[in-house]
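Proteins get letters first, then strands, A, B, ... in listed order; numbering begins at 1 in each. Predicted model, so just to flag it, every value in this text is computed and none were measured.
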Number of protein chains: 2
Amino acid sequence: MAPATSSLPRRRRGAGRVTLADVASAAGVSSITVSRVLNDPGKVSADLRDRIVAAIAELGYVPNGAARALASARPLLVAVLVPSLTNEVFVETLRGIREVLQPKGYQILIGDTGYDADDEARMLDTYLAFGPGGLLLTGLQQTEAVKLRLETLRLPRVHMMELPAPNQPAPPTVGFSQTAAATAMADYLIGRNYRRIGFLATQLDHRTLLRRDGWRASMQAHGLYNTDLEITDPGRSSVGRGGELLTQILASGMKLDALFCNNDDVAQGVVFEAQRRGMDVPKDLAVVGFNDLAASAWINPGLTTIATPRYEVGREAALRLLELMGGGSAPAPLDLGFRLVTRGSA
Amino acid sequence: MAPATSSLPRRRRGAGRVTLADVASAAGVSSITVSRVLNDPGKVSADLRDRIVAAIAELGYVPNGAARALASARPLLVAVLVPSLTNEVFVETLRGIREVLQPKGYQILIGDTGYDADDEARMLDTYLAFGPGGLLLTGLQQTEAVKLRLETLRLPRVHMMELPAPNQPAPPTVGFSQTAAATAMADYLIGRNYRRIGFLATQLDHRTLLRRDGWRASMQAHGLYNTDLEITDPGRSSVGRGGELLTQILASGMKLDALFCNNDDVAQGVVFEAQRRGMDVPKDLAVVGFNDLAASAWINPGLTTIATPRYEVGREAALRLLELMGGGSAPAPLDLGFRLVTRGSA
DNA sequence: CTGAAAGCGCTAACAA
DNA sequence: TTGTTAGCGCTTTCAG
C-alpha cells in the first residue's frame with residue numbers, strides 16, 4: 001500500500017516550517033479561516049477561534065511575513081535612513097519614529113549611511129527591495145540619482161531635521177532651521193560681549209554647513225566676521241576630536257574669546273581639554289555647542305547649547321508618513337523650532 | 001478588434017509597481033532570464049544581459065523582496081535584539097554585526113528591547129514573521145517562553161555579551177566574563193589600597209548583576225565585603241543619574257574611599273558631580289566604571305575602567321551565525337576577554 | 001544559454 | 001460565518 005501522502009505534491013523547498021495550511025488541517029478548518037483569526041478575529045466564531053488558537057500554539061506556528069506581504073500588498077515595513085547610529089541625536093529621532101510606527105504594526109528597517117550620500121543611494125536600493133510602505137530620510141541633500149528614483153517611485157516619504165527653502169516646492173519635511181539656531185547662538189554670544197568668536201566645524205555634513213552659515217550671518221551682521229575664525233576639520237565629530245582641535249588652535253597662536261562648536265560632542269571635548277590646561281571656561285574661553293546631549297548639562301561648567309527637538313522630529317515625521325501612506329496629501333513643511341539653553345560655559 | 005491585452009488576466013492588486021515580467025517583455029526575453037541577470041549574471045549572454053540591464057534602468061525596476069524571499073526560501077534578514085540603542089556599547093556591537101552581515105547580503109532588523117524580557121518575547125514573535133535566517137540575541141536570560149520557542153524553531157542563533165556557565169550545554173555564545181572583569185577591577189582597587197569600595201548598581205539588568213557578583217567575590221576573598229557597600233538604583237543608567245546618586249551617597253553620610261560604578265555613564269556623572277563639589281578624584285574618592293566609552297579617556301581625571309570588546313563581539317557573533325546559517329555545527333562559546341584600563345580616576 | 005511550468009504561503013474577491 | 005479559487009512576483013525544477 002502506498003503511503004497516505006503519496007498523492008500530495010511533495011514539498012520541494014522551504015524545509016519544514018509550519019504553515020497556515022498545517023494549522024488549518026490540524027484545526028479542521030480552511031486556511032482562510034485561520035488567516036482571519038490572525039488578521040481580524042472578530043469575523044470568526046468564538047468556537048472555531050479557540051480551536052485555531054490552540055492549534056497555532058501547539059504547532060508553534062509563525063506566520064510568514066514574506067507571503068503575507070506578497071499576498072496583501074500591504075507593506076509591513078518603513079525604511080529609515082540616518083547618517084549615524086553613534087550619534088545620540090539620531091537615536092532619539094529613531095525612538096520617536098518607533099513609538100509612532102510600531103503600534104501601527106510597522107517594523108523599521110534602519111539604515112546607517114555613515115554621512116555618505118553614495119552609501120545612502122546604495123542602501124536605498126537595498127531597502128526598496130523589501131517593499132517598504134514609506135521612507136524616512138535625513139536631510140534634503142540626496143544625490144540626483146536618488147532624487148530621481150524617489151520621484152519615479154512615488155513612495156510616501158518624509159525628510160527630517162532640516163527645512164526646505166521657503167516658498168519652494170519641497171517634499172514633506174519635519175525639522176527646524178539649523179541656520180536660525182546657529183544665528184541665535186552667535187547673537188547670544190555677541191550679546192554677552194564676546195567678539196572673537198570662532199566656529200569649529202567638524203564632520204562637515206550638510207547640517208554642519210547650515211550651522212556655519214547661521215554663525216556667519218550673525219557675525220557679518222555685527223561686522224565681526226573674519227575667515228580666520230572658521231576652523232574646519234573633515235574628521236568625524238567626537239569628544240576626543242574636540243580636545244585635539246583645541247590643542248591645535250592654541251598651538252596656532254590664534255586668539256579667540258569664544259568657540260562655537262558644531263555639536264556638543266566636540267564642545268565637551270574642548271571643555272575637558274581646556275580644563276586639563278588649567279584654562280577657565282568661560283573666562284579664558286567661552287565654549288558653546290549644538291544639540292544639548294544628555295551629558296552636556298552635567299559637565300563642568302555646564303554647556304551652553306542649542307536644544308534640538310530630535311525626538312519630536314521623529315514622532316512628527318512618522319505621523320506625517322502614516323498619513324501619506326494612508327493616502328493623505330503632502331503636508332507642508334513643519335518647523336519644530338529649537339531652544340537656546342544657557343549654562344556656565346558661555 | 002479587442003485590445004491586445006484583453007486575454008491577459010487583469011491585474012487585481014498591487015497598483016502598478018514594475019515587475020520582473022514587465023522588464024522581461026520590454027527586453028523581449030522571459031522573466032527567468034531577467035531573474036538570472038539579477039542573481040547570477042554569469043549565466044546570461046552578454047548580449048541579453050545588456051539589453052536587460054538597460055530595460056531595468058529604463059523602467060526603474062525594483063525587485064520585490066517579499067516575492068523573492070517567498071520563492072527562494074532563502075532568507076535575506078537577520079534579526080538582532082539589543083537592550084538599548086542609547087547605549088554606545090550596543091551601537092558598536094551592531095556596527096560589528098553589520099560589517100560582517102551586510103557584505104553577505106543580509107539586512108538587519110534591529111530590535112530595541114528596552115531591557116525588558118517580555119518586550120523581547122513580543123519583539124521576537126514580530127521579527128520571526130519576517131522569516132529571518134538567524135537571530136542574534138543579547139545575553140542568556142530569555143524568558144522560558146522564548147527559550148521554548150527558540151528550541152522548537154531550530155533557527156540559527158548566537159547569544160552575545162555574556163558567557164554560559166562552564167561545562168554546561170549552552171547555545172552558541174560570544175562574549176566575555178562580566179564577572180571576571182568586575183573581579184579584576186575590584187582586585188585592582190584593593191591592590192591600590194582602597195578598602196571601603198562601594199558598588200553602585202543602576203539599571204539592574206543581568207550584566208549589571210554579574211558585575212556585582214564579580215565585585216562581591218573579590219571583596220569577600222579579601223575580607224572586605226559588607227552589604228552596606230552595595231548601592232542599588234533600578235533606574236536607567238545615565239550621566240545625570242550618576243551625579244544624583246553621588247549626592248545621595250554623600251548625604252547618607254556613608255564613608256567610601258572608592259566607588260565602582262556598573263558602567264561608564266554613571267561613573268562619568270559621579271566624577272562630574274565630585275568635581276562640582278570640590279572633591280578630589282581619586283584622593284577623596286576613587287571612581288571606576290565599566291565599558292570604556294569614548295568620552296571616558298577625555299574627562300578629568302580620565303576614567304579607570306574595563307574596556308569591553310563589544311565591536312569584536314558583534315563581528316564574531318555574526319561570523320558564527322553565518323556559519324550556522326550555512327549549515328555548520330554549533331560552535332563552542334567564545335571568550336573575547338576584557339582589558340583593565342587605568343587612568344587618573346583610581 | 002534560455003525557457004515553460006509549478007509553486008513558495010498567504011490573502012482578496014467572490015460565493016454559499 | 002465559512003469556504004473556494006485565483007494569484008501576488010519571484011525562483012526552482014526540469015527541458016530543450
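Considering CD1 of A:Ile110 and CD1 of B:Ile110, their distance stands at 4.0 Å, rounded to 0.5 Å. The line from OH of A:Tyr311 to CD of A:Glu316 is 10.0 Å long, rounded to the nearest 0.5 Å.
Using a 4.0 Å heavy-atom cutoff across all strands shown, A:Gly131 reaches no nucleic acid atom at all.
Note: CG (A:Leu70) to P (D:dA6) measures 18 Å, nearest angstrom. Atom-to-atom, CG of B:Leu76 to C1' of C:dC8 comes out at 14 Å; the value is rounded to the nearest Å. Distance, B:Leu59 CG to D:dG9 P: 14 Å, rounded to whole Å. In this entry the distance linking CG of B:Asp40 with C1' of C:dC1 reads 12 Å, nearest Å. When rounded to the nearest whole Å, the span between CD1 of A:Ile32 and C1' of C:dA16 equals 15 Å. What separates NZ of A:Lys43 from C1' of C:dT11 is a distance of 11 Å, to the nearest Å. Between the CG atom of A:Leu128 and the C1' atom of D:dG9 there is a distance of 16 Å, rounded to whole Å. Atoms CG (A:Asn39) and P (C:dT11) sit 5 Å apart, rounded to a whole Å.
For the pair A:Thr173 (side chain) and A:Pro164 (backbone), a donor-acceptor distance under 3.5 Å is absent. Under the 3.5 Å distance criterion, the side-chain polar atoms of A:Ser72 are matched with a main-chain donor or acceptor of A:Arg68.
Judged by closest nucleotide on DNA chain D, A:Gly28 is the one of B:Ala66 and A:Gly28 placed further toward the 5' end. Taking the nucleotide of DNA chain C with the nearest heavy atom to each of B:Thr33 and A:Leu38, the more 5' of the two is matched to B:Thr33.
When the nucleotides D:dC10, C:dT11, C:dA13 are ranked by their closest atom to the side chain of A:Arg36, C:dA13 comes out on top. Taking every side-chain heavy atom of B:Ser30 into account, C:dG3 is the closest of C:dT11, C:dG3, C:dT2.
Ion pairing between A:Arg157 and A:Glu151 holds under the 4.0 Å rule for side-chain N and carboxylate O. Comment: B:Glu144 engages B:Lys147 in a salt bridge, judged by a side-chain N to carboxylate O separation of less than 4.0 angstrom. Salt bridge status for A:Asp125 with A:Arg122: absent, with no side-chain N to carboxylate O gap under 4.0 Å.
Not one side-chain nitrogen or oxygen of A:Ser72 sits closer than 4.0 Å to the OP1 or OP2 atom of C:dC10.
The C1' atoms of five pairs define one axis at each end of the helix from C:dC1-D:dG16 to C:dA16-D:dT1, and these two axes lie 20° apart (to 10°).
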